Q: 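Structure provided below as structure tokens; questions to follow.
Being a predicted model, the structure only gives us computed values, none of them experimental. Residue numbers start from 1 in every chain, and the chains themselves are labelled A, B, ... in the order their sequence lines are given, proteins ahead of strands.
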There are 2 protein chains.
Amino acid sequence: MSRALQLSRQFSKRAVMEALLQQAPISRASIAKQTGLSKQTISEIVRHLEDAGWVIETGRTNGQVGRSAVTYEVVPDAAFVAAVDLGGTKVRVGLTDLRGAIVREATEFTRPEGGQVVVEQIGRLCLQAAAAAGVGRERVRIAVVGVPGAPDPSSGRVRFAPNIPDFDRMDVAAALEAVLECDVLLENDVNLAVQGEVWQGAGQGLDTLAFIALGTGIGGGLIVGGELVRGADNAAGELGFLPFGADPFEAESLRTGAFERLVASAGIRARYRTLTGGTDAPGMTVPEIFSRAGAGEPAATQVIDETACLLARGVAAIAAIANPSLVVLGGSIGSRPEMTERVRALLPGCMSSPVDVAASRLGPQAALIGAAAIGLSHLHNALFGADAPEAKLSLPPPRQAGSKA
Amino acid sequence: MSRALQLSRQFSKRAVMEALLQQAPISRASIAKQTGLSKQTISEIVRHLEDAGWVIETGRTNGQVGRSAVTYEVVPDAAFVAAVDLGGTKVRVGLTDLRGAIVREATEFTRPEGGQVVVEQIGRLCLQAAAAAGVGRERVRIAVVGVPGAPDPSSGRVRFAPNIPDFDRMDVAAALEAVLECDVLLENDVNLAVQGEVWQGAGQGLDTLAFIALGTGIGGGLIVGGELVRGADNAAGELGFLPFGADPFEAESLRTGAFERLVASAGIRARYRTLTGGTDAPGMTVPEIFSRAGAGEPAATQVIDETACLLARGVAAIAAIANPSLVVLGGSIGSRPEMTERVRALLPGCMSSPVDVAASRLGPQAALIGAAAIGLSHLHNALFGADAPEAKLSLPPPRQAGSKA
DNA sequence: CGCAGTTTGTTCGGTAGCAGAACTAATAGG
DNA sequence: CCTATTAGTTCTGCTACCGAACAAACTGCG
């Protein structure tokens, strides 16, 4: 209630910025038509934005009848978002401008020490990227960091992040803020991947969809009504614990979920081993099993088929509960075309009106792009959305490959 | 975007009404403190509301230091909501005042003819209730009707409503509007039940919870972030189609879901019949099986245990995907304490941090109360929320049993 | 009883953000 | 060059709000 304290100051600045972002160069008159605000108001707002350096005059229209119009655009490098995808093995950093174009990218192996060492690694990568792009650090206004775990916004810790030592015992958010000197948002990496797929990937424009990342483990992200579903303890999308596949009441299922034990890579390899007469030898990697299946080997094919069947049941479960308009399959295993096709083929066998299924289009970049999306949205809210608590920014149209300045 | 056309007229009227609703008699000064608006503004808004008849002076404070304050309250009978719960066998109607108190209630057997006959039955019940409560029909501003099916807001039809003939072939919403001469909102009955449980039942105040209605069939409702999850085709919560229990890839599972075939009443009875040496006799009703289990009969106990185990898996599936803070069990079977207890006992066996489980507290009234909740929220939005698209009304504290005038 | 202190409510003046009408400016096409 | 058309500005005015000053009403204490 007391959030109505500072009331609708500049209610429309956001709307103007949005129009400015989406219809690249646009005149004030057109903005007025689109937003429904009066020409007068738009002129005023645009003047303010221009004075503040967010917007700039970039040209004039001509060709049509009537007076030619001055067109404006958002100044793309007035502020930047640092998008970070922290994985167990690699850190990926992308510096994104106000339009969402990735201006600079960098990747490194994640420092195995974890904790403060990784925090400083991320800080260094971001600042280096900014420096290399000729961007002063004060223009990097927010950093969004995807982590393989469940960030707890109140303590700044990251729970369930076995791959990054100490992240569950320190205030990661605060540490990063200290290094980067800007706001930092932590988010689960799969959640970012969903956002990425919605913005520029396989789920463009949809507002209800699910994402399944199948690889070493299995994880999911769910978007409902354009909003990420986090759940009560930030544990939404823990698909590994779906109660089928292995026996969910086995003691082992409490540690590694019943579903995960069978569909994820360890399960696939184990099934192949048993099927081929299971020596206790190291066994086959999953890509090898896939290629053998491609070559027609019956055992490999059977294992892949079984996996697809399980995955289809996972998809069906999500569909029964949340009824998304699309399920995007990602991760090293899920995004393989063989897998997506099989799942798609199986679904009509267990759902009367099967969900749409698509392979991730952004692959390993999804989380990075999602981080940029969230960062941009937050940035616009902070800068132009004084009131209107959490308006969703409808982001600019995906413009592939920014000028790698 | 063009929704910003008529802009923030009376941005705060809603906030004032909300305060007025929740802290029963309240002075203007206190409203000012709570909302953060100035005393001056509050006085103005309250004057308007009073002139329009929504609010009335009801007393003065005294006892504290300082000038005594005039206190105001919402005029409870300035407008009414007709809440309707249409079931296959019974129609239940409740007339609710602005505070949410049920002023009048009525129940009848649903007319088996369906279609227009049922529409007129509902209309008659509502108008009779209003008349009996001494309320002119013009004060009934909105009707919320819970139906056993999936209402399609664009066509006004109700899909998947086998129990009400013709409802899938006519514009039910329009027909009801014609009879009642007020706005009509159709909503799935389970969805209403969830809302009811959130407002006054087992899920009070929670903003992420699931509801499972287990009886003749099985259905679910999911609330995430305070918002109902409808899904892409209004088919969220079709728990019957969860891909376990029976074989999901059987042809039969396309018609009646794999999960529903086993957990719902037909499945329970079938399992009991096979277990007791399955004659093809009519068999036992579910309540009878429950009472035999209560009496210690092994076969009945086993069947109930199995059902609970299945239900627990259903709960686990929802928890894995959406991670609600509570799962409410309802329906004639789900809300039995034996069932809730068993499920609660089983969950630690298949989830490392088990969800809370509770039996429905409102029972068959849940949908009616949920309808009232939605109606009130809509009403307040329509009356006092000129802008601010779909603000959620935080409803007044549950005040049990209104004066049955 | 009367005054201090405290709280309520009103009056008055002022501001931000917007609309709308009237007007000026620039352009294309004939 | 004139007309139709579109872009942008100026001016007036409204609504919803704030803040300060002030009036009104009450409690409690000396």
Q: Hey, which of these two, Ile42(B) or Ala29(A), hits DNA chain D nearer its 5' end, going by closest nucleotide?
A: Ala29(A)
Q: Tell me which donor-acceptor pairs under 3.5 Å the side chains of residues 38-45 of chain A have, and how far apart each pair is, sequence neighbours excluded?
A:
from, atom 1, to, atom 2, distance (Å)
Ser38(A), OG, Thr41(A), N, 3.2
Ser38(A), OG, Thr41(A), OG1, 2.9
Gln40(A), NE2, Glu44(A), OE1, 2.7
Ser43(A), OG, Lys39(A), O, 3.4

Q: Rounded off to whole Å, could you give me the CG-to-P distance for the Leu37(A) and dG20(C) pair?
A: 11 Å
Q: Which of the following nucleotides, dG8(D), dG9(C), dA19(C), is nearest to the side chain of Arg28(B)?
A: dG9(C)
Q: Counting only side-chain N and O atoms of Thr41(A), is one of them less than 4.0 Å from OP1 or OP2 of dC18(C)?
A: no
Q: Looking at every heavy atom in both Leu98(B) and Ala78(B), which two are closest together, and how far apart are they?
A: CD1-CB, 4.2 Å
Q: Is there any ring-ring contact (aromatic ring centres under 6.0 Å, His included) pair reaching into residues 12-44 of chain B, and which pairs are they, with sequence neighbours excluded?
A: none
Q: With respect to the side chain of Ser43(B), which nucleotide from dT10(C), dA7(D), dC18(D) is positioned closest?
A: dT10(C)
Q: Over how many whole Å does the gap from Ile31(A) atom CD1 to dC18(C) atom P extend?
A: 14 Å
Q: State which residues pass side-chain hydrogen bond (donor to acceptor under 3.5 Å, both in side chains) with Asn191(A); sequence neighbours excluded, sorted by chain then number.
A: Glu187(A)
Q: Counting only side-chain N and O atoms of Ser12(B), is one of them less than 4.0 Å from OP1 or OP2 of dC17(D)?
A: yes
Q: Between the protein and nucleotides 21-28 of chain C, are there any N/O to N/O pairs under 3.5 Å, and if so, what are the atom names and distances?
A:
from, atom 1, to, atom 2, distance (Å)
dA25(C), N3, Arg67(A), NH1, 3.1
dA26(C), N3, Arg67(A), N, 3.3
dT27(C), OP1, Ser68(A), OG, 3.2
dT27(C), O2, Gly66(A), N, 3.3

Q: Taking all non-hydrogen atoms of both residues, which atom of Gly94(A) and which atom of Leu368(A) are closest, and how far apart?
A: N-CD1, 3.9 Å
Q: Below 3.5 Å, can you tabulate the donor-acceptor pairs from side chains in residues 58-68 of chain A to any protein atom, sequence neighbours excluded?
A:
from, atom 1, to, atom 2, distance (Å)
Thr58(A), OG1, Glu73(A), OE2, 3.1
Arg60(A), NH2, Ser68(A), OG, 3.4
Thr61(A), OG1, Ala69(A), N, 2.7

Q: Without decimals, in angstroms, what is the distance between Glu50(B) CD and dT10(C) P?
A: 10 Å
Q: Report the distance from atom CD1 of Ile26(B) to atom P of dG9(C), rounded to the nearest whole Å.
A: 11 Å
Q: Between atom CD1 in Ile45(B) and atom P in dA16(D), what is the gap in whole Å?
A: 9 Å
Q: What residues form a salt bridge (Lys or Arg N to Asp or Glu O under 4.0 Å) with Arg137(B), not counting sequence neighbours?
A: Glu181(B)
Q: Measure the distance from CD on Glu44(A) to P on dG20(C) and round it to the nearest whole Å.
A: 15 Å
